[in-house]
Amino acid sequence: MNLLAELRSRLHRALETFTDAPDSFVEMLKPTADGKFGDFQANCAMPLAKQHKQMPRDLALALIAKLDVADLCEPPEIAGPGFINLKIKTERLAAETAALCRDERLGVVPVTTPRTYVVDYSSPNVAKPMHVGHLRSTVIGHALYRILKFLGHNVLSDNHVGDWGTQFGMIIYGYKNFRDDAAYQQAPVAELARLYRLVNQLSDYHELVAKLPGLLLQIPLKEQAVASARAAVSPTEKDSARVLKRAEQDLEASREEIKSAQKKIGEVESSPPLKALADAHPQIAELARKETAKLHAGDVENKRLWDEFVPQCLQALESVYQRFGVKFDLTLGESWYNPMLAGIVDELKRQHLAVTSNGATCVFIDGNDAPFIVQKADGAFTYATTDLATIRHRVENLRADASLYVVDSRQGEHFQLLFATARKMGYDKTEFRHVSFGTVLGEDRRPFKTRSGDTVGLESLLDEAVANARKIVDENSPHLSDADRGRIAELVGIGAIIYVDLHHNRDSDYVFNWEKMLATTGDTATYIQYAYARVCGILRKGEVDAVALRQGQHAILLSTPQERVLALQLNRFGQAVAEVAVDYRPNLLTQYLFETANVFAQFYGSCNVLKESDEALRTSRLLLCDATARVLKQGLDLLGIGVADQM
RNA sequence: GCGCCCGUAGCUCAGCUGGAUAGAGCAACGGAUUUCUAAUCCGUCGGUCCCAGGUUCGAAUCCUGGCGGGCGUACCA
């Protein structure tokens, strides 16, 4: 039984005589902030009293009189201005816990009306190696996928890979002009990545060389702007200080831009071979774009190369996904939607939703200045077009009730326009949701840019985390075999990375930090994995047959506060999992699991299990251990994190 | 210019649709192990919840204004 849900339903009945709209008041019943106020608190008497123009405590009293919870709770208490505090009867809690211990789903009740979800996550550019920026989408999306599925929904994960954009023109150009055949034979994907970086670098070089003089010319002008703004600052004019600040920021930004341009130019010019390549390919950016256009136009040679490259790139991605344990039901990249794009634009025109503006075909959404461009002036389609085609496919063919996009919050405006356009097209029965997350920042608190020099590759991040974990495992567990320690290091290292990502509120920005990434103490996956291993240690040393234990119809005895707290915590698992799905927030589950591990550690410290002489109490504690292990394992599994019986 | 987001302990962050004395982790300091794993536990220290108004019985949370920061903003995805 989900205790919170049950209490809310009881409260609902009691509220019916007080209000026509009990739902919002029912939700004011929640777990207590502090254990001394009992197990649950209902805060609805105060606002309700206001409606009835009564004293809150009087109303609370009247509400209690109607509240039928005698079978579940101790007599309710009124505290403070009108809080109703509820404490579950310990014998009832024990009975619920005994039932939980037998429940295969650990109190996670399947939804009564399953929906079909498409969860779109990870979605890297296949031409470039994945970097830390791809971590959040992959990890958050995967966790949501597993959680929604466990709740009983029909869920399809879709990796909407970028396999059709300008980056392929760059690779094709690089392949045609700069490839190292031996390297390509040996490690094709690495060679393609090198070619991409090279073409990108040379294009940037020419662009920056052309741009730099203009930037330099701006500096004196901007310095002058700062000087005159400074002269104009006056204490009476509020705006004058702001104008100065703006001018200063503007100047500083230009200086930064010049510095970065000079650095990139220097990198090419200080290397004679690079400089020679740059000189030999002055039009590289435009020529690479032409290769993309040729690919899109069906050029035989470019299509052949694309057919050769893409499977290899996907294979390389797969190896990273395997380490994360991430799987996709669908991998429908941009290219897959290519045949549908012209039809989408036609449809938009037919419905008079799209108009031509400055040569581009656009949809304008009320309240937004920026157009939603579905076809560029040169005739090419954009990712807006692809995204609309994707919606059509998901709604019409996959029959999705909801489509979740686990994507960086910086693309919020795009999704707002996309969803508005989709609704105008008639796709208004489907829930579209941008499950946005904060930007990955560098140590300097500036957004982590893909092209900035030392981007950390995702593979090397995983390797570093696993190597770090290996050191700690070797230190702490010399008694385990080499193979076991290797296996545990993989679980601990990768679990640490996944957990760091998930335990933040997804809206928050994310400061990338090695120490934090690799931490294995405190509020980390390791802590929870360790708690799990300790429970397993008890069951192992006690030579407990867990299956038989669960089926034994034994009673749960809550003889100490620690046992009671643990039992209550275990009974909250179903609620914790369900809450994640409400607003797609996996951090609610990490929080629950950390608390559970913490509560268990306290139980572990004060209640001996195997040496308990009272046989019934010993059995009860073994059952609590078993249920704790299963909750921790299941909970971590929903987040995509594994466990080991020994650490 | 317009739009979106953010500002909570020394650091990194929780704080769900307004509820009781604002919480964790890290760091610092002090304690706990002849005991089922010390990758642990307990305690101490640490706050003008950016500022000013407003709504409310009650505001970190909602509203208005200001300050500070980030991001996006017509043919990249």
Side-chain angles (χ1 to χ4, degrees), chain A residues 24 27-28 30 32-34 36-37 41 43 46-47 49-50 55-56 79-83 85 123 125 162 164-167 238 241-242 245 334 357-362 367-378 380 382-384 386-387 408-414 416 436 438-439 441 445-447 472-473 475-477 479 492 500 503-505 507-509 511 513 515-516 519-524 526-527 529-531 533-542 579 582-583 585 587-588 590-591 594-595 597-598 601-602 604-612 621 625 646-647:
Chain A
S24 63
E27 305 212 338
M28 292 178 190
K30 52 186 83 176
T32 44
D34 188 324
K36 74 183 176 199
F37 299 129
Q41 62 183 75
N43 303 338
M46 284 88 79
K50 186 166 17 176
M55 299 295 285
F83 296 102
N85 292 337
S123 308
N125 235 310
W164 200 241
T166 47
Q167 76 280 8
K238 252 174 64 183
R242 200 190 321 175
K245 180 121 198 181
E334 291 169 331
S357 168
N358 290 339
T361 308
C362 309
N368 286 81
D369 295 339
F372 194 55
I373 297 176
V374 293
Q375 189 168 21
K376 299 193 282 185
D378 65 6
T382 68
Y383 76 129
T386 312
D387 281 352
D408 194 319
S409 61
R410 284 177 291 191
Q411 295 194 40
E413 208 166 356
H414 166 71
Q416 200 188 319
S436 66
T439 308
L441 303 174
R445 297 208 66 107
R446 302 200 65 84
I472 297 169
V473 174
E475 255 174 53
N476 286 301
S477 306
H479 58 286
V492 167
V500 161
H503 102 284
H504 288 103
N505 182 326
D507 288 321
S508 306
D509 283 351
V511 179
N513 174 295
E515 205 182 316
K516 217 165 67 180
T520 57
T521 58
D523 186 358
T524 62
T526 313
Y527 176 82
Q529 289 167 324
Y530 179 67
R534 292 214 286 182
V535 191
C536 289
I538 295 176
L539 299 173
R540 187 174 55 247
K541 292 220 167 157
E579 272 169 7
V582 172
D583 200 31
R585 296 194 177 277
N587 67 314
L588 297 177
T590 62
Q591 204 174 316
F594 177 66
E595 281 164 12
N598 188 239
Q602 290 168 37
Y604 187 93
S606 59
C607 301
N608 201 303
V609 180
L610 296 177
K611 290 184 182 161
E612 174 55 51
R621 287 179 178 172
C625 286
Q646 293 188 63
M647 284 174 70

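Reminder, nothing fancy here: chain letters follow the sequence lines and each chain counts from 1. Computed from heavy atoms alone, side chains included, the values below leave out hydrogens, waters and symmetry copies.
- The phosphate of B/rG72 (OP1 or OP2) has no side-chain N or O of A/Q411 nearer than 4.0 angstrom.
- Note: NZ (A/K611) to C1' (B/rU37) measures 13 Å, nearest angstrom.
- Taking 4.5 Å as the limit, every side-chain heavy atom of A/T526 sits out of range of all side-chain heavy atoms of A/T521.
- The side chain of A/S477 lies closest to B/rA39, out of B/rG19, B/rA39, B/rC76.
- Partner assigned to B/rU73 is B/rG1, using Watson-Crick or G-U wobble distances below 3.5 angstrom.
- As judged by a 4.0 angstrom heavy-atom cut-off over every strand, A/C536 is placed among residues making no nucleic acid contact.
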Output, in order, the C-alpha distance, side-chain angles, deciding distance and verdict of ring-ring contact (aromatic ring centres under 6.0 Å, His included) for A/H414 and A/Y383.
CA-CA 10 Å; A/H414 166 71; A/Y383 76 129; 4.2 Å; yes
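- Between B/rG15 and A/N505, a contact under 4.0 Å exists linking OP1 or OP2 to a side-chain N or O.
- The shortest distance between side-chain heavy atoms of A/V492 and A/T520 falls below 4.5 Å.
- Nucleic acid contact for A/N85: base, since at least one base atom lies under 4.0 Å from a heavy atom of the residue.
- To the nearest 0.5 Å, atoms OG1 (A/T590) and CG (A/D523) are separated by 6.5 Å.
- Counting non-hydrogen atoms under 4.0 angstrom, A/Q646 reaches a base of the nucleic acid.
- Here B/rU61 sits opposite no nucleotide as a Watson-Crick or G-U wobble pair (both hydrogen-bonding atom distances under 3.5 Å).
- Taking for each of A/P371 and A/N587 the nucleotide of RNA chain B with the nearest heavy atom, the 5'-most of the two is the partner of A/N587.
- Straight-line distance between the P atoms of B/rU12 and B/rG7: roughly 13 Å, to the nearest whole Å.
- Across all strands, A/S409 comes closer than 4.0 Å to no nucleic acid atom at all (heavy-atom distances).
- For B/rG47, there is no paired nucleotide, since no Watson-Crick or G-U wobble pair has both relevant distances below 3.5 Å.
- When the C1' atom of B/rA38 is taken as reference, atom CE of A/M647 falls 13 Å away, rounded to whole Å.
- In this structure a side-chain-to-backbone donor-acceptor pair under 3.5 Å is present from A/Q167 to A/G162.
- A stacking contact links A/F83 to B/rA20: the aromatic ring centre lies within less than 5.5 Å of the base's six-membered ring centre, and the planes differ by less than 30°.
- At B/rA38, one or more side-chain N or O atoms of A/R534 fall inside 4.0 Å of OP1 or OP2 (strictly under the cut-off).
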Are there any protein N/O atoms within less than 3.5 Å of an N/O atom in nucleotides 55-59 of chain B, and if so, which ones and at what distance?
none

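- Among B/rA39, B/rG68, B/rC76, the nucleotide with an atom closest to any side-chain atom of A/K245 is B/rG68.
- Put simply, CG on A/N608 is 20 Å from P on B/rU40, counting in whole angstrom units.
- Spacing between atom CE of A/M28 and atom P of B/rG18 amounts to 7 Å, rounded to whole angstrom units.
- In this structure, A/G605 reaches neither bases nor backbone, as no heavy-atom distance under 4.0 Å exists between it and the strands shown.
- Here the C1' atom of nucleotide B/rG19 and the CD atom of A/Q41 are 7 Å apart, to the nearest Å.
- When each of B/rG19, B/rA20, B/rG25 is scored by its nearest atom to the side-chain atoms of A/A79, the top-ranked nucleotide is B/rA20.
- For A/N476 and B/rA39, the shortest distance from a side-chain N or O to OP1 or OP2 is below 4.0 Å.
- Across all strands shown, A/A360 has heavy atoms under 4.0 Å from base atoms, whether or not it also approaches the sugar-phosphate.
- Computed from coordinates, the A/D509 CG to B/rC11 P distance equals 17 Å when rounded to whole Å.
- The separation of B/rU61 from B/rU17, taken at their P atoms, amounts to 13 Å, rounded to a whole angstrom.
- Within the shown strands, B/rU12 is the pairing partner of B/rA24 under the Watson-Crick or G-U definition, both distances less than 3.5 Å.
- Among the atoms of the strands shown, base atoms are found under 4.0 Å from some heavy atom of A/C362.
- An OP1 or OP2 oxygen of B/rU37 is reached within less than 4.0 angstrom by a side-chain nitrogen or oxygen of A/K541.
- B/rA59 and B/rC49 have their P atoms separated by 12 Å, given to the nearest Å.
- Stacking between A/Y527 and B/rA39 is absent: the aromatic ring centre is not both under 5.5 angstrom from the base six-membered ring centre and within 30 degrees in plane angle.
- When the C1' atom is compared between B/rA22 and B/rG46, the two are found 14 Å apart, to the nearest whole Å.
- Atom P of B/rU40 sits at a distance of 23 Å from the matching atom of B/rC45, rounded to the whole Å.
- Residues A/N598 and A/Q602 bring a donor and an acceptor atom of their side chains to less than 3.5 Å of each other.
- Using C1' as the reference atom, B/rG1 and B/rC11 are 37 Å apart when rounded to the nearest Å.
- A residue-by-residue look at A/A533 and A/G80 shows that A/G80 has its nearest nucleotide of RNA chain B further toward the 5' end.
- Computed from coordinates, the A/H504 NE2 to B/rA14 C1' distance equals 10 Å when rounded to whole Å.
- In this structure, of B/rC76, B/rC16, B/rC36, it is B/rC76 that holds the atom nearest to the side chain of A/T166.
- A 4.5 Å side-chain heavy-atom check between A/D34 and A/Q41 finds every atom pair outside the cut-off.
- In this structure, SG on A/C625 lies 11.0 Å from CZ on A/R534, to the nearest 0.5 angstrom.
- Residue contacts shown for A/Y604 include a base, since a base heavy atom lies under 4.0 Å away.
- Note on A/N598: a side-chain N or O is less than 4.0 Å away from OP1 or OP2 of B/rC41.
- No hydrogens or angles were tested; on distance alone, nothing pairs the side chain of A/T32 with the base of B/rA20 as donor and acceptor under 3.5 Å.
- Of all nucleotides present, none satisfies the Watson-Crick or G-U wobble test against B/rU56 with each distance under 3.5 Å.
- The nucleotide whose nearest atom lies closest to any side-chain atom of A/S357 is, among B/rA39, B/rA74, B/rA14, B/rA74.
- Closest to the side chain of A/Q602, out of B/rA14, B/rC41, B/rG72, is B/rC41.
- Side-chain proximity of A/I538 to B/rC36, B/rC16, B/rA20: nearest is B/rC36.
- Side-chain atoms of A/V473 lie closest to B/rA39 of the nucleotides B/rA74, B/rA39, B/rC13.
- A/N43 places its CG atom 12 Å from the C1' atom of B/rU17, with the value rounded to the nearest Å.
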